[in-house]
Amino acid sequence: MLTLAKVVSAESAASYYEAADDYYGEEGRAPSDWWGAGAAALGLQGCVDAGQFRALLDGQLPNGETMQRGGEGPRTAGLDLTFSAPKSVSMQSLIGGDRRLLDAHQAAVTAALCFAEANLAGYRTTTEGETQAELSGNLVAARFDHDLSREADPQVHTHCVVLNVTQRADGQMRALDARPFYESQKLLGAYYRAELARAVQELGYRIRRTHEDGRFELSHIDQRQVEAFSTRSRDIGAALAERGRDRASASAAEREIAALGTRRAKDRTVDRVALREGWQAKAAALGVNWTPELSVPLPMDPAIAAQDAVDYAVAHLVERSAIVGRLALVQVALAHGTGQVGFEEVQRDIGRRIAAGELVASEDGRRLTTPAAQAMERELLRIEVCGRDALPAAISPPAQGELFSATNAAAPSGAALDASLTEGQRKAAELVLSTHNRIVGIQGLAGTGKTFMLRAVCERLGSDYHALGLAPSAAAARELASAGFETMTVAGYLASGRALDDKTLVVLDEASMVSLRDMHAVLSAIEQAGARAVLVGDTGQLKAVEAGAPFRQLQEHGMATVRMADILRQQNPTLRAAVAAAADGQVADSLKKLAATVAEVPHATERYQRIARDYASRLPEDRAQTLAVAGTNRARRAINELVRQRLGLAGDGVTATVLEGRDLTRAQVQSSLSYTAGDVVEALRHYDSLGLRRGDTAEVVQAEPGCITLRRKDGELVQWRPTAMPHVAVHRLEDRELTVGDRVRFTANDYTRGVVNGETGTVEAVDKAAGRLELRVDAGQVLTLDLKQPLRLDHAYCTTVHAAQGQTCDRVLVDADVSSATANQSLYYVAISRARNAVTLYTDDRELLPRAMSRLDIKHAALDLSRNSRPGMSL
């Protein structure tokens, strides 16, 4: 695997990388060497001299030049790229004695560094106010080889300290642009593993892949034996277990605490002879076979292997993104084909597909899409264009100069429009009722009363038209039903084959969250039936999980659209102005208006505690109208547990098993590497050969290539091939403590009980002896749940921003983590726009908050490819 860390302190870094007793090599001295074309240009070669190394970390070059610090804060000395061999490779080389594996590791590290030097090394230059990235093609790196973990387990790894300097073509030295290294970290790791896996197999070893990202182990050393020599991992797992957590369920803060709490100081006095004897005795007790039968397998046809790997990568990536980066495609393909393909084979296959028209590339070759996605988008746009001026108005328009209103006696049918409508609501309703277009749009900002407007439309239609409401979620569909529509989820409608006719008006709510595939299917059915549609949403809010941005795309291509901008939800004028600024993309201005309610709490754990304290300190009636939101599930879980502690609910309840959904693409669902023992598979169709009906669940017992062993509820084991029966949902089991008084939310639709995903309730009774829980749903019904079965609910004090879209409350508490990958404009806008009266933002860095929350949340359409092409680094 590969880890990447920033090196800031020259003193600490130099002392860490200097020779000591825990590295392999003669007389305990750490093998080290200078590496890279940049190092050669500076005259650096051979073993790393400690003095030179420290000077370079401080920005002092051998020629006397001093590198200047750029920007604010301490100067970045360099990047530490640490390549770690699989545990079984470390064991076989250091205990089993096959030193050839050390050479294979070194060669794989060198190959990855060569790739980085050729394709990632560069600097940034600014000309006339425009900053661009430029390739330099050289690195200055110091390599240090280690063979022990802090716990004195065998762990072959190489620290590659890439110094913050690179040479331009004119010989000038400049600071290294670190961003490509962070962006390509996964690719570099996959590159290293692909090279190492190939070399290991050429030595005659068989491998077994253990993770989707291409991690592997030697086949003859089983997982139990690997874990026995992974003390560090066990210690962290044990520390989490003491807190009722595991690696999957623990928050980032909890894992950080566990890691720091179990971290041991380096032992500089390792007795190598005694250590090796201890390793050998431990391995003998575990039955490790150091002399497996070695045989070099017949290589798979490289072209076929590459085709299979790229097929998977394309299917996996284009499900969520209409445009994918070429490097991202290479990374996924390398991971999927670890041990069978290398970088060059993958690149050739991608090039072949581009030449054959199977993939469409941008001018610079860095981004790709599929012809099928572009064709679907063109068809979607055609449907809208062909529907313009194609229909009579649903309600005849008023006379010249006359408006629909409560006093409009000329209205031909149905109730008059409510006179209390805002201008934006009225214009939107008039467009829907009087348009001659088959498809129109309503672009409504958060809190502008879109549902109220739709209720007016529904009343005006009377009996002339049947109004059918569709929404991407059951909760949104239920909200739409309050406007008087018959409603369904989009998925439910597409699965039902529901018939439409020319008197059907389809209202598609939350249209910005509908994918290209679903939008195309819905609009195709509407066109075929001669029906009409209104698409209602907000392109500034959260986007569809799957590929495409059809609502935005249709607006940009001329779909008749009314914008609703009169914000009604926010009662506080300052908050209303902040939401309006956020909706307009002016995040910095929005944050200025909220400056008085921004709290800076740098450490994640302390920040979560502050949010929990502020939430729990409110009166019960105030808590009912307060919502905490977080960008990640890890933060959500941590805050929920801290709130429970503050409320005195922790430690006195019953432990329930809940199902936490795993967000897998269809390609991942069909890959056996996606599954681990303990996962729960839910059948979404009847699979009689497995003895599973739709909705039944089974537990994963064992995952082998191409085949998964499942244990049904009746205890019988069955063999399941995901590629043949892919219509499943995948969950992992987690523990949650539930106590009388706990607030909970449902995490899945349960139509038999009349509750939908996101609905909330309160635990009213717990019968531990009978294994039952009584829950009062906020809508009024009382449910009895069987604690012997996994539950589909979670604590409801804090939710993710995605789950919060569509909700309204008095006050919102926002975990605004600037370092989170989820921080962007859409998240910020949705989070603050949930509140009527007040918002408090808790951030780790007040100064960086505007920049983090200004990141664009762009969901590309496939047809955006050519117009958005930009020159830059390419492969």
J.: Does a side-chain heavy-atom distance below 4.5 Å link Val680 with Pro790?
T.: no

J.: With Asp794 as reference, evaluate Arg636, Arg743, Arg644 under the salt bridge (Lys or Arg N to Asp or Glu O under 4.0 Å) test and give the passing residue.
T.: Arg636

J.: Return yes when atom CG of Asp652 has more than 12 non-hydrogen atoms of other residues, nucleotides or ligands closer than 6.0 Å, and no otherwise.
T.: no

J.: With a 3.5 Å cut-off and no angle check, do the side chains of Thr231 and Asp153 form a donor-acceptor pair?
T.: yes

J.: Measuring only between side-chain heavy atoms, which start at C-beta, is Thr800 closer than 4.5 Å to Asn633?
T.: yes

J.: Checking Ser515 side chain against Glu546 main chain: does a donor-acceptor pair fall under 3.5 Å?
T.: no

J.: How far does CD of Gln340 sit from CG of Asp301, to the nearest 0.5 angstrom?
T.: 11.5 Å

J.: Test side-chain contact (heavy atoms from CB on, under 4.5 Å) on Thr760 and Val744 and set out the steps.
T.: CA-CA 6 Å; Thr760 54; Val744 297; over 6 Å; no

J.: Please check: side-chain N/O of Ser219 versus main-chain N/O of Ile207, any donor-acceptor pairing under 3.5 Å?
T.: yes

J.: Let me confirm one number: the CG-OG1 distance from Leu659 to Thr697, rounded to the nearest 0.5 Å.
T.: 7.0 Å

J.: Counting C-beta onward and ignoring hydrogens, is there a side-chain heavy-atom pair between Arg712 and Val718 closer than 4.5 Å?
T.: yes

J.: Identify whether the distance between the nearest side-chain nitrogen and carboxylate oxygen of Arg198 and Glu195 falls below 4.0 Å.
T.: no

J.: Between Asp213 and Lys186, is the closest basic N to carboxylate O distance under 4.0 Å?
T.: no

J.: Between the side chain of Trp720 and the main-chain N/O of Leu710, is any donor-acceptor distance below 3.5 Å?
T.: no

J.: If we ignore hydrogens and angles and just use 3.5 Å, is the side chain of Gln155 paired with the main-chain N or O of Glu151 as donor and acceptor?
T.: no

J.: State, yes or no, whether a side-chain contact exists between Asn757 and Phe746 at a heavy-atom distance under 4.5 Å.
T.: no

J.: Mind checking the CD-CD1 spacing from Gln719 to Ile708? Nearest 0.5 Å is all I need.
T.: 9.0 Å

J.: Compute the ring centroids of Tyr192 and His105, then answer whether they are less than 6.0 Å apart.
T.: yes

J.: If you round to the nearest 0.5 Å, how far is CG of Leu101 from CG of Leu218?
T.: 6.5 Å

J.: Given side-chain contact (heavy atoms from CB on, under 4.5 Å), test Ser473 with Thr489 step by step and report yes or no.
T.: CA-CA 6 Å; Ser473 68; Thr489 64; 6.0 Å; no

J.: Regarding Thr657 and Glu734, do their side chains bring together a donor and an acceptor under 3.5 Å, going by distance alone?
T.: no

J.: In terms of side-chain heavy atoms, does Asp98 have a donor or acceptor partner in Tyr205 at a distance below 3.5 Å?
T.: yes

J.: Evaluate the side-chain proximity of Leu783 to Arg776: yes if any heavy-atom separation is below 4.5 Å, no if none is.
T.: no

J.: So does Val756 get a backbone contact from the side chain of Glu759, meaning a donor-acceptor N/O pair under 3.5 Å?
T.: yes

J.: Report yes or no: does Lys543 contribute a side-chain atom to a donor-acceptor pair with the main-chain N or O of Val514 at less than 3.5 Å?
T.: no

J.: The criterion is salt bridge (Lys or Arg N to Asp or Glu O under 4.0 Å); which residues satisfy it with Glu319, sequence neighbours excluded?
T.: Arg666

J.: Between Asp222 and Arg208, does any NZ, NE, NH1 or NH2 come within less than 4.0 Å of an OD or OE carboxylate oxygen?
T.: no

J.: As a quick check of understanding, evaluate salt bridge (charged side-chain N to carboxylate O under 4.0 Å, His left out) for Arg693 and Asp688, giving each step before the final call.
T.: CA-CA 7 Å; Arg693 308 294 287 172; Asp688 293 336; 2.9 Å; yes

J.: So do Val669 and Val728 actually touch side chain to side chain, heavy atoms under 4.5 Å?
T.: yes

J.: Going by atom types alone, do Ser295 and Arg206 pair a side-chain donor with an acceptor below 3.5 Å?
T.: yes

J.: Is it the case that Lys87 places NZ or CZ above or below the six-membered ring of Phe229, under 6.0 angstrom from the centre and within 45 degrees of the axis?
T.: no

J.: For His220 and Gln92, test the side chains for any donor-to-acceptor distance below 3.5 angstrom and give the result as yes or no.
T.: yes

J.: What I want to check is whether the side chains of Tyr797 and Asp742 have a donor and an acceptor closer together than 3.5 Å.
T.: yes

J.: State whether a side-chain donor-acceptor pair under 3.5 Å links Gln668 with Glu212.
T.: yes

J.: Is a side-chain N or O of Asp308 found less than 3.5 angstrom from the main chain of Ala305, in a donor-acceptor match?
T.: no

J.: Using distance only, find each side-chain donor-acceptor pair of residues 698-705 under 3.5 Å and give its atom names and separation, not counting sequence neighbours.
T.:
residue : atom : partner : partner atom : Å
Gln702  : NE2  : Glu704  : OE2          : 3.2

J.: Just how far is it from atom OG1 of Thr784 to atom CG of Leu773, taken to the nearest 0.5 Å?
T.: 8.5 Å

J.: Nearest 0.5 angstrom please: Asp679 CG to Thr676 OG1, how far?
T.: 4.0 Å

J.: Would one find more than 12 heavy atoms of other residues, nucleotides or ligands at under 6.0 Å from atom CZ of Arg753?
T.: yes

J.: Name the residue from Arg736, Arg792, Arg732, Arg634 that meets the salt bridge (Lys or Arg N to Asp or Glu O under 4.0 Å) definition with Glu660.
T.: Arg736

J.: Is Asp767 reaching over with its side chain to a backbone N or O of Arg772, donor-acceptor style, under 3.5 angstrom?
T.: no

